[in-house]
Structure formats: C-alpha cells, structure tokens
2 protein chains.
Amino acid sequence: MKPLTIKDVAELANVSKSTVSQYLNKRYEYMGEETRKRIEHAIAELGYHPNIVARSLRRKTTSTIGVIVANILHAFSTEIIRAIEDVCHENGFHIIVCNADDSPEKERKYIEMLRAKQMDGLIIFPTGSNLDLYERMVSENYPVVIVDRLVSEVQIPTILLDNKKATKMAVQHFVEKGYTRIGMVTTSIVRHVTPRIERLAGFKEALREYRLPIEEDYIKSLNPNQIRAGLSEMFTLKSPPQAVLAGNDLVLAEILNYTKETGINIPNDLALIAIDDVPYAKFFDPPLTTIAQPTFEMGRRAAEMILEKIQNTSVTEEVKIYRFEPKIMIRESC
Amino acid sequence: MKPLTIKDVAELANVSKSTVSQYLNKRYEYMGEETRKRIEHAIAELGYHPNIVARSLRRKTTSTIGVIVANILHAFSTEIIRAIEDVCHENGFHIIVCNADDSPEKERKYIEMLRAKQMDGLIIFPTGSNLDLYERMVSENYPVVIVDRLVSEVQIPTILLDNKKATKMAVQHFVEKGYTRIGMVTTSIVRHVTPRIERLAGFKEALREYRLPIEEDYIKSLNPNQIRAGLSEMFTLKSPPQAVLAGNDLVLAEILNYTKETGINIPNDLALIAIDDVPYAKFFDPPLTTIAQPTFEMGRRAAEMILEKIQNTSVTEEVKIYRFEPKIMIRESC
DNA sequence: CTGAAAGCGCTTACAG
DNA sequence: CTGAAAGCGCTTACAG
C-alpha cells in the first residue's frame with residue numbers, strides 16, 4: 001500500500017511532476033485547458049492528496065500554530081482555545097494545543113518541541129519563567145502572542161483582561177449591596193502571575209476608594225491544596241467576612257465545597273462573586289453572580305494577531321497590550 | 001536569521017552531517033567518546049533543535065495523531081480529549097484536534113486534511129456518514145479508532161459507553177423513587193447516532209421490564225433548536241411526566257432553562273436525571289443526579305489502542321468493541 | 001505552455 | 001569509527 005505521490009499523478013496524466021505541482025498550486029495561467037483537465041481527472045481517479053509534510057519542508061511554512069496554555073483546567077483556557085481554533089480554521093490554519101500544567105519546565109519543553117515542528121507562530125499563556133526562550137523568539141522575529149499574563153521584560157503583543165477593573169466591579173457590587181467586611185481568595189502569587197497580582201491590587205485599591213479597611217485576614221493567596229485550610233481559617237475568625245470574591249474558577253469550587261459542607265448559606269451568610277463566568281452558573285444554588293471575561297473576543301483577537309504577524313513578516317510595529325473589558329453577570333449569590 | 005540546520009552543527013563540531021544525525025538518534029555504538037562530546041557541545045552552543053518536519057518526511061512518521069470530534073461543545077468530548085492528550089504526551093506523541101461540528105462535510109474535510117498532514121493515526125468521533133473514507137482507511141491498513149458511536153458497516157475498533165445500561169440505570173432509579181410516568185428527551189436521531197438510538201432503546205426496554213407503559217408523548221428526540229418547543233408540549237400535557245431523563249448535557253441545559261422559567265420545581269414537580277456528569281453538577285439547584293461516563297478511562301483506552309496500532313503495524317487482530325460502564329451519581333434532583 | 005533540475009533538512013544503508 | 005550519497009515528496013526558478 002505505498003502512498004500516492006505527485007509522480008503517480010504525473011504518470012497517469014502524462015505530464016511532468018512540475019506541471020502537476022503547478023496545478024496543485026492553482027497556477028493555471030500558462031496551462032493548457034486540456035492539460036488541466038487531464039490532471040484533474042488523474043487526481044480524482046487516484047484519490048490523491050498532496051503530502052503536506054513535504055510541502056511544508058519545501059515551503060518552510062506549516063500553516064499550523066502552536067498554543068501553550070498554562071493550565072487547561074480553567075474554563076477560561078478552553079474557551080479561548082475554542083475561539084482561536086475557529087479563527088485559525090477559517091484561515092486554513094491548524095492548531096496544536098499543549099498544556100504546560102503550570103510548570104515552567106513543561107512550558108520550555110513544549111516551546112522547543114513546537115518550534116522544532118516548525119509551527120508558523122505560537123500563542124502562549126506563559127507560566128512566567130523561560131524569559132530566555134521568549135527573548136530568543138523576539139530576537140529571531142518569530143511570531144508570538146501572549147495571552148492572560150504580562151511578561152514585561154520582553155516585547156511581545158499581549159491579550160489580557162482588565163483585571164483591576166474586574167475586581168473593582170466586584171467590590172463595587174458588594175458595596176452597593178451593603179457589605180463592608182469583604183474578602184478575596186486567589187491561587188498563589190509566588191510566580192508573579194499577572195492576573196492574580198493585578199486582581200489583588202485592584203481589590204485593595206477598590207477597598208481604599210470606598211474607605212473600607214483592608215483586613216489582611218480576609219485576603220488569601222494560596223496553592224490549590226491549601227485553599228481549603230485557608231477558608232477554614234477565614235470563616236472561623238471571630239468576625240469573618242460577609243462577602244468574598246473568588247479569584248478564579250478553581251477557587252470558586254473550593255469555596256462552594258466548603259460552604260456546602262459547613263452549612264454556610266449563600267447569600268444569606270455569605271455573599272459571593274466569582275471571576276470567570278463558569279458554565280451553568282445560572283443553574284447553581286443560588287445562581288452565581290460572576291465577572292465574565294470576554295473569552296471569545298480575546299481568543300479571536302489573539303488568533304488574528306498571530307495570523308497577521310505571520311503574514312506581514314517584515315512590519316515591526318510597536319508592541320501592543322490589549323486589555324479586555326470584564327462584564328458583571330448579576331445573579332443571586334450577591 | 002536563517003535557521004540552524006544539521007550542517008551548522010556538523011561544521012562547528014568538525015564532523016559530517018551523518019555523524020551528527022547518528023548522535024541525534026542516539027546511535028552512539030560506534031561513535032568516539034570525543035566525537036560525541038564535540039557534537040554535544042556544538043548543539044548546546046548553537047541552541048540547535050532538529051527540524052521535525054524534515055525528519056518526518058524522511059522517516060514517514062510524524063508522531064502526531066489526529067482527533068476529530070463530532071461536537072466539541074459536549075463536556076464528554078473535551079474530557080476524552082484531555083485523557084487522549086495525556087496518554088499521547090506520555091508517549092512522545094502530539095495531537096491535533098478538529099471539531100466536525102456535527103457536519104459530515106467538515107468531517108470529510110478534516111479526515112483528508114489530517115491524512116495529508118501525515119498523521120500516524122486518527123481517533124474519530126464519527127458523524128456517521130463518510131463510510132467511503134472509513135473503508136478506505138481500513139483497506140489501507142491505516143490506524144483508526146472510533147469513539148462514542150458505532151459504525152457497524154466497517155471494521156474499526158470502537159470505544160463507547162454501554163448506553164443501554166446507562167438508561168436502564170436511570171429508569172431503575174426513577175422506579176425506585178416511585179415514579180411511573182417517565183419521559184426522556186434526546187437530540188435528534190435522524191443520522192442514526194448510536195448513543196441516542198441505544199439510549200432510547202434502552203429506555204423503552206427498561207420501561208417494559210418494569211411493566212410501565214411507553215407513552216410516546218413522553219419521548220422526544222429533537223434538534224437542539226426544537227427542544228424548547230418539545231418540552232413545552234410535553235409539560236403542558238394534561239398528564240405530564242413526573243420524571244424525565246436528559247439524554248445529554250445539551251438537552252439538560254434546555255430542560256433546566258425551561259423549568260426555571262416556568263417555575264417547575266425539581267425534584268418536587270419533576271424528577272430529573274441527566275446522562276453526562278456535567279462539571280459542578282453537585283452545586284446545582286438542586287444538586288443533579290447524573291449518569292457519568294468514565295470519560296477518562298475511555299480516552300486513555302482510545303489513545304492506547306491507536307498507539308498500539310501504530311506500533312505493531314502488521315498485526316491484524318479481530319476488531320474489538322469496548323463498552324464502558326456508566327456510573328450513577330445520586331444527588332438530589334431524583 | 002511544459003519539463004529537467006536543484007533543493008528544503010533530515011535519515012539510512014553502505015563503503016571505507 | 002566516520003563520511004559521501006541517495007532519497008523522502010514536494011516547489012520553484014529557469015530553460016526551452
């Protein structure tokens with residue numbers, strides 16, 4: 001079962017391989033009407049499809065882009081991937097998705113692997129380390145777009161949420177509802193992950209703006225496996241928070257588990273807002289008030305930017321940072 | 001910024017390209033200790049990584065497998081993809097995921113595209129058409145594994161849920177809870193999609209076993225955009241069902257929307273079980289009783305099977321159908 | 001209007 | 001132990 005090649009088509013159509021290749025690339029200009037027909041029939045008869053690996057080697061482009069997400073467990077990541085995929089497919093590009101699993105080592109491995117596979121460009125949700133690799137890509141003028149996190153040391157176009165605005169919206173809503181003892185829980189900030197840092201900063205700023213005290217006991221930034229204990233600490237305070245902001249969907253799940261098990265009623269005992277509009281949030285008990293990220297638009301933009309960079313190779317414009325607007329989805333948990 | 005090739009390494013290390021290639025492929029047997037060191041250093045110094053496209057062309061394998069899902073909107077699909085990805089990455093394989101979006105035409109396009117890209121094998125959640133393509137792959141001894149649906153016309157190993165058992169479990173639970181007027185809603189079966197057909201069949205069988213009447217007005221099999229109207233019809237019957245089984249997560253969302261808007265209380269007015277253990281089901285109002293598919297195991301098995309087929313090319317064993325056990329997650333909606 | 005030839009960056013017998 | 005040569009399946013100037 002040896003695979004079909006351009007040679008088989010050429011022989012059947014009684015032309016040279018070059019001519020078949022011209023046909024495949026739709027360069028019909030100087031091609032005889034009859035020749036074209038013959039090639040067309042030969043291809044149909046054999047069921048021939050060009051070997052894209054060979055084409056890629058020769059053309060030096062693969063029409064595929066790599067996507068490395070920091071952690072695919074966030075609904076945020078999968079939604080953005082979906083949008084990227086749509087745009088890419090509309091433009092005849094494929095994507096290969098890799099999950100760095102919050103590990104800089106895995107990220108490094110994937111960047112190298114995807115570049116070795118000759119991806120035409122990379123969209124990265126960076127773990128924040130691997131600066132050397134990022135810099136190398138920039139210096140080689142290799143197309144990259146960063147999503148979700150800022151890597152300020154390096155000049156790469158970036159797509160992210162207006163995180164401060166997101167937390168401020170939440171705090172504002174808490175305040176309007178009359179809460180004053182307001183807490184926040186995020187995942188760990190040890191690796192200086194932009195959204196967490198900015199959300200925390202925005203949270204404190206908002207508190208200040210509303211002349212509310214910043215109670216450090218109400219603010220937790222923890223590894224996933226410590227969240228449980230942190231919540232327990234926070235809610236057994238003699239004066240626990242009346243309202244809490246979940247920094248992302250992973251934190252949310254922990255809070256929901258905790259309140260459920262300990263019988264804390266939302267919103268009566270505790271008002272809750274979550275950043276990330278998790279699927280089915282409106283069916284929750286109670287329906288969840290969330291701050292939604294415009295994941296679809298963010299993904300589209302990331303894809304459009306990488307495709308544009310791939311197409312206009314030479315244009316070295318200024319590096320842009322695009323911040324997207326969050327949107328509050330008011331339901332019943334606050 | 002011309003990319004590095006094996007030639008650059010060879011020159012720097014003062015050996016031939018062949019020797020570098022031997023090194024890259026870890027064929028150290030006859031290689032001088034000192035030569036190896038020199039090559040190693042040259043590679044490190046240049047930051048060289050082999051061009052995998054060129055390697056693939058030469059080796060005629062790409063170490064990547066294609067995955068085509070019928071509809072990526074189902075949580076079922078994404079969970080299985082995750083498991084496939086894990087196994088593949090453990091084995092040095094990459095995957096390219098495509099979403100056929102329930103369209104046989106898109107599926108055809110993707111199969112051709114992925115084969116042209118020289119994927120080493122394909123895992124397909126088939127739309128059910130495109131028999132000619134499936135047959136061609138079989139006759140060419142090309143590695144394929146099918147997931148979720150049966151394509152009986154063709155000899156391809158298949159992974160799917162024991163669908164009848166799934167519906168029977170649900171009916172049994174309804175019956176144990178004392179319900180006798182039991183309904184079921186699935187998405188359309190026009191294209192003879194296995195799970196829907198089998199679930200419907202299992203549903204009717206179970207009803208018969210419990211000597212319950214099969215009330216056709218309680219059974220709906222509709223396109224997504226008709227579900228809403230179908231529910232409205234069903235629940236305005238003079239004697240509507242007391243319990244209903246949602247055939248998948250898309251149907252579930254429609255039911256939840258409908259009951260919410262019309263004020264039907266679950267489980268007091270209507271008992272509900274859903275096939276597919278949607279994420280966060282335990283936080284729903286009320287916590288949802290579901291029939292879970294072992295998506296993780298199913299994905300793992302699919303990946304293992306395709307890798308095995310890729311590795312032992314010649315072995316043409318009998319074609320196996322693997323049915324996986326569903327599991328009931330009893331919560332409070334029934 | 002069509003074909004012969006070179007080359008993309010590797011790998012793999014084979015010679016020495 | 002190492003190197004020269006052929007070839008994977010295409011594309012692309014270039015010649016005619």
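Numbered from 1 within each chain, the chains take letters A, B, ... in sequence-line order. Small disclaimer: the values here were computed from a predicted structure and weren't measured.
Nucleic acid contact for Val53(A): none, since no nucleic acid atom lies under 4.0 Å from a heavy atom of the residue. Using a 4.0 Å heavy-atom criterion, one finds that Tyr23(B) contacts no nucleic acid atom at all. If you check every strand for non-hydrogen atoms under 4.0 Å, Ser21(A) touches a base. Residue-level contact check: Thr35(B) touches the backbone only, with heavy atoms under 4.0 Å from sugar-phosphate atoms and none from bases. Residue Thr5(B) is classed as a sugar-phosphate contact, given heavy-atom separations below 4.0 Å to backbone atoms only. Using a 4.0 Å heavy-atom cutoff across all strands shown, Lys17(A) reaches at least one base atom of the nucleic acid.
Heavy-atom contacts of chain A under 4.0 Å fall on DNA chain D between two terminal nucleotides, which in 5' to 3' order are dG9(D) to dT12(D).
Take Pro50(A) and apply the side-chain contact (heavy atoms from CB on, under 4.5 Å) test, not counting sequence neighbours, and it matches Leu24(A), Tyr48(A), Arg55(A).
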Quiz item: After noting the C-alpha distance and the side-chain angles of Arg115(B) and His49(A), does the key distance pass the side chain to side chain contact (heavy atoms under 4.5 Å, CB included) rule?
Solution: CA-CA 8 Å; Arg115(B) 293 211 55 188; His49(A) 293 278; over 6 Å; no
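Taking the six-membered ring for Trp and the full ring otherwise, Phe125(B) and His74(B) have centroids separated by 6.0 Å or more.
Closest approach of Ile96(B) and Thr64(B) over heavy atoms only: CG1-OG1, 4.4 Å. Taking every heavy atom of both residues into account, Arg136(A) and Leu46(B) meet most closely at NH2-O, 3.6 Å.
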Exercise. Give the dot-bracket string for DNA chain C, reading 5' to 3', where a pair is Watson-Crick or G-U wobble with both distances under 3.5 Å, ( ) marks pairs inside the strand, [ ] marks pairs crossing earlier ones, | marks a partner on another strand, and . marks unpaired.
Key: |||.||||||||.|||
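Not a single donor-acceptor pair under 3.5 Å links the side chain of Ser139(B) to the backbone N or O of Met137(B).
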